[in-house]
Each structure stands twice: as structure tokens, then as C-alpha cells.
There are 2 protein chains.
Amino acid sequence: MSENDKLTEERIFEAATDVFVDKGMDGARMQDIASHAGINKALLHYYFRTKDQLFNAVFEMIAGRMLKKFAPVFDENLSLEAKIRFFFKEHIAFLQENPKLPGFILNEISRNPARIKKLLKKVHFESLWKNLYEQHKTELGKYNITEATMPQLIISIVSLSVFPFAARGIIEGILEKVGIDFDEFIEERKNFAAEFVIKAITR
Amino acid sequence: MSENDKLTEERIFEAATDVFVDKGMDGARMQDIASHAGINKALLHYYFRTKDQLFNAVFEMIAGRMLKKFAPVFDENLSLEAKIRFFFKEHIAFLQENPKLPGFILNEISRNPARIKKLLKKVHFESLWKNLYEQHKTELGKYNITEATMPQLIISIVSLSVFPFAARGIIEGILEKVGIDFDEFIEERKNFAAEFVIKAITR
DNA sequence: GTCTATAGAAGGATAGAC
DNA sequence: GTCTATCCTTCTATAGAC
């Protein structure tokens with residue numbers, strides 16, 4: 001199926017996704033989106049009425065996709081260590097495919113925190129980490145991880161995976177001075193982060 | 001010294017800092033900055049010519065302040081463990097005072113990676129972590145941290161400190177559902193993150 | 001140095017023909 | 001459904017009086 005065969009609405013949506021992710025809500029221009037989609041501004045408004053509605057459609061799709069990437073990993077029937085390795089491998093691989101998503105989502109949410117609330121209703125993080133805790137209670141208990149520190153642990157894990165992408169501009173600049181390629185660094189990170197966390201919580 | 005006694009240029013600069021950090025370069029409005037400073041738009045242009053120049057002045061000041069917060073900690077004459085504890089205590093305390101800086105800097109750099117290069121020239125990260133490695137070679141060597149993995153380690157440490165602030169909107173939303181206050185969470189984090197890293201690299 | 005007024009450009013959104 | 005033309009608002013930036 002060629003670009004031209006796609007439904008116009010779909011083409012607009014994809015163009016809008018590209019431009020919004022690249023420039024952010026404030027920096028994006030309707031003309032730019034129209035050009036990317038190969039149509040004119042009027043047609044954007046015909047399909048999505050306002051810039052705000054178009055942005056919301058794009059944002060909900062992206063944030064939903066991002067959030068859904070977290071949960072399933074923890075449902076696998078694996079040991080705690082294997083889950084951690086699996087998470088970093090899978091999640092970083094996803095971010096390698098979508099390196100701009102973290103910065104985009106983080107920024108848009110900080111500019112408008114209300115956006116996240118609707119989305120969070122659908123994802124149940126409490127039960128996610130409550131389940132994780134219950135399943136590995138004995139292992140975790142041995143190493144002083146309690147249910148109360150689960151949020152700290154989960155957010156630490158996510159930090160290690162997401163932050164390098166959100167801070168890519170800075171990290172790339174620093175690594176460049178030492179002759180390390182960002183992509184290499186990320187590839188290494190899948191293992192480094194997993195072993196780092198495993199050592200931190202199981203020894 | 002009252003607000004009115006301050007030099008106009010300084011008042012403009014402070015107002016611009018507030019507005020830019022809050023809204024970002026694209027979202028900030030010259031009129032908004034003028035109002036915050038208690039003057040009119042024309043005077044902004046008189047002092048800083050263009051929005052771009054005003055933004056650059058603000059950005060360099062902020063990013064410089066942020067970067068400088070990293071290095072000195074590692075110069076202290078302390079054991080490796082003590083340095084790590086000291087870093088998280090000091091750095092998170094700084095971010096508690098300036099919670100919006102991470103999101104602002106991360107976003108503006110990703111929109112314009114060239115901005116960082118000028119700044120990075122002044123800070124020598126390689127020598128920073130090379131020194132750190134040399135000083136604690138024996139301790140680190142015992143636990144499989146080599147000079148080659150120092151970047152992974154340093155960036156992991158920074159992630160654990162900075163990410164919760166950059167992702168505040170999301171984290172606050174999640175913690176809210178479990179009845180945890182963000183400020184409490186951050187206060188706890190000074191210790192949690194330090195012990196987490198220490199366990200990861202010394203056992 | 002500081003102000004008011006306004007130029008000039010760009011952006012979002014709509015009207016109306018096809 | 002798609003286009004051209006255009007309206008209206010907002011924004012950066014400048015001119016010019018004081």
C-alpha cells in the first residue's frame with residue numbers, strides 16, 4: 001500500500017505525530033503538518049477541527065503506547081532476576097526504535113500535568129508493583145526491599161532505562177568527547193542496567 | 001533592597017528566567033516576560049535585542065549553574081561510599097530548590113542540541129570520572145567496575161537523581177493513587193538512591 | 001532609559017467554490 | 001473531500017516622542 005492509498009485522516013495523523021514529537025505542541029505549526037501530509041491547512045481543520053484536538057489525539061496514542069510497554073513485562077512467569085533482565089532488554093529496545101518519545105512525553109506532561117491523569121486511570125501501577133512484590137516477597141525481603149520501598153525501586157528501574165534517551169543531547173555531547181558512540185552506549189546499557197539493579201537488590 | 005531598586009536589566013533577566021523555565025522557549029511570550037518584570041515589551045528589546053538573545057542569556061546561566069553542581073561533589077576527600085551519599089544528598093537538595101530545571105534543560109537541549117556544546121567545553125567530564133576512577137581503582141576493581149564502564153555508572157547515578165524531577169508529572173500522578181506525597185518520596189530518595197548504588201557497586 | 005503606538009509577519013481557523 | 005483565498009488574532013520587533 002503506497003502513501004497515496006492511505007486514508008487522508010491516517011496520513012494527517014502520522015504527519016502530526018512526526019511534527020508534534022519533533023517540535024512539541026508549542027513549536028509545531030499546522031502548515032508544517034499539512035506539508036508533511038501532502039495536503040493543505042484547511043483539510044487539517046476539516047478532520048480535527050483544532051490544533052488542540054489534533055494534538056490530543058496524537059498524545060493519547062503515544063502516551064498509551066508508552067505506558068503499555070511497562071506492564072506486560074512484569075506479568076511473565078520468570079524469576080525476579082530474569083524479569084529485570086527481560087525488562088531492560090525489551091524496554092530499551094523499544095526506546096531504540098522510538099528514541100524521541102521520552103523527551104516528548106516528559107515535556108508535554110510537565111507543561112500540562114492534567115494530560116496524564118486520564119491516561120493513568122487505565123493503567124494500574126499499584127497492583128503492578130503489588131503483584132511484583134507478592135510474587136517475589138521472600139527474595140526481596142531478604143535484601144531489605146519492603147512493599148513501602150517498591151515505588152523507589154520501580155522508579156529507579158525506569159530511570160535507568162528512560163533517562164539516557166530523555167537526556168540524549170547532553171549524554172551524546174559528553175560521550176563524544178571520550179569517543180563513545182551513543183548507540184553503542186545504549187546497547188551496552190541493556191546489560192549494565194540489568195546487572196546493576198540485580199546487584200543492588202539481591203546481594 | 002526592594003524589587004524596584006534592582007537594575008532594570010536584572011529584573012528583566014529574572015522575569016525571563018521564570019517565564020522561560022515555566023513555558024519553554026516556544027511557549028514563552030515577550031509580553032509575559034515584560035509584565036513579570038513590570039515594564040513593557042519595547043524595553044526588553046532595548047536590553048536584549050531579540051527573544052533569542054534573551055533566551056540564550058537565560059539558558060547559559062541556568063545550564064551552567066546545573067552543570068557546576070555535579071563536579072565539586074566528586075572533589076571532596078571522601079571514601080567512595082561517602083562520596084555517593086554526599087552526591088545524592090547535595091544534588092537532590094539542589095533539585096528540591098529548583099524542581100523545574102531538569103525538565104527545562106532536557107527539553108531545550110533536545111530541541112536544539114547545539115546549545116549544549118558550548119557549555120560542555122567548559123566542563124571536563126572525562127577527567128572528572130577518570131579522577132574518580134583512579135582514586136577508587138582498588139575498590140571499584142574488586143567489583144568489576146572498569147574505566148570503560150565509568151560512563152554507565154556516572155549516568156546511572158545522575159539518572160537516579162534527576163529523572164524523578166524530569167518525570168514529576170507522571171510520578172506525582174502515580175504516587176497520588178497510592179497515597180504517597182511527591183515531596184516525601186524525594187526526601188526518602190536521597191537515602192534510597194545512595195544505598196542502591198552502593199550495593200550495586202560494592203557487593 | 002522608558003514609554004506608546006504601530007509596523008510587519010506568522011499562525012490558527014473559516015468561507016465558499018469545486 | 002479537497003482546494004484557494006482570506007479573516008482575525010497574536011507575536012516579535014521597531015519608530016519615535018519624552
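Every heavy atom of this structure was used, including side-chain atoms; hydrogens, water molecules and symmetry mates were not. Naming convention: chains lettered A, B, ... in sequence-line order (proteins, then strands); numbering from 1 in each chain.
Contacts of B/Ala34 with the nucleic acid, taken as non-hydrogen atoms under 4.0 Å apart, are absent. Residue B/Ile39 is in sugar-phosphate contact alone, with no base atom involved, counting any heavy-atom pair closer than 4.0 Å across all strands shown.
In this structure, A/Phe20 has its ring center no closer than 6.0 Å to that of A/Phe59.
Not one side-chain nitrogen or oxygen of B/Arg49 sits closer than 4.0 Å to the OP1 or OP2 atom of D/dA13. Between A/Thr50 and C/dG12, a side-chain N or O to OP1/OP2 separation shorter than 4.0 Å is absent. Put simply, B/Asn40 has no side-chain N or O that comes within less than 4.0 Å of OP1 or OP2 on C/dT2. Regarding contacts with the backbone of C/dT2, a side-chain N or O of B/Tyr47 is found under 4.0 angstrom from either OP1 or OP2.
With the nearest nucleotide of DNA chain D identified for both A/Ala42 and B/Tyr46, A/Ala42 has the one nearer the 5' end.
In this structure, CG of B/Leu44 is placed 13 Å from C1' of C/dC3, rounded to the nearest angstrom. Rounded to whole Å, the distance from NZ on B/Lys51 to P on C/dA10 is 15 Å. In this structure, CE of B/Met30 is placed 23 Å from P of D/dT9, rounded to the nearest angstrom.
Ring geometry for B/Phe94 versus B/His91: interplanar angle of 30 to 60°, hence tilted.
Residues A/Glu184 and A/Leu175 have side chains not in contact (no heavy-atom distance under 4.5 Å, counting atoms from C-beta outward).
At a cut-off of 3.5 angstrom, counting only N and O atoms as typed in the model, there is a donor on one side and an acceptor on the other between the side-chain of A/Lys41 and the base of C/dG12.
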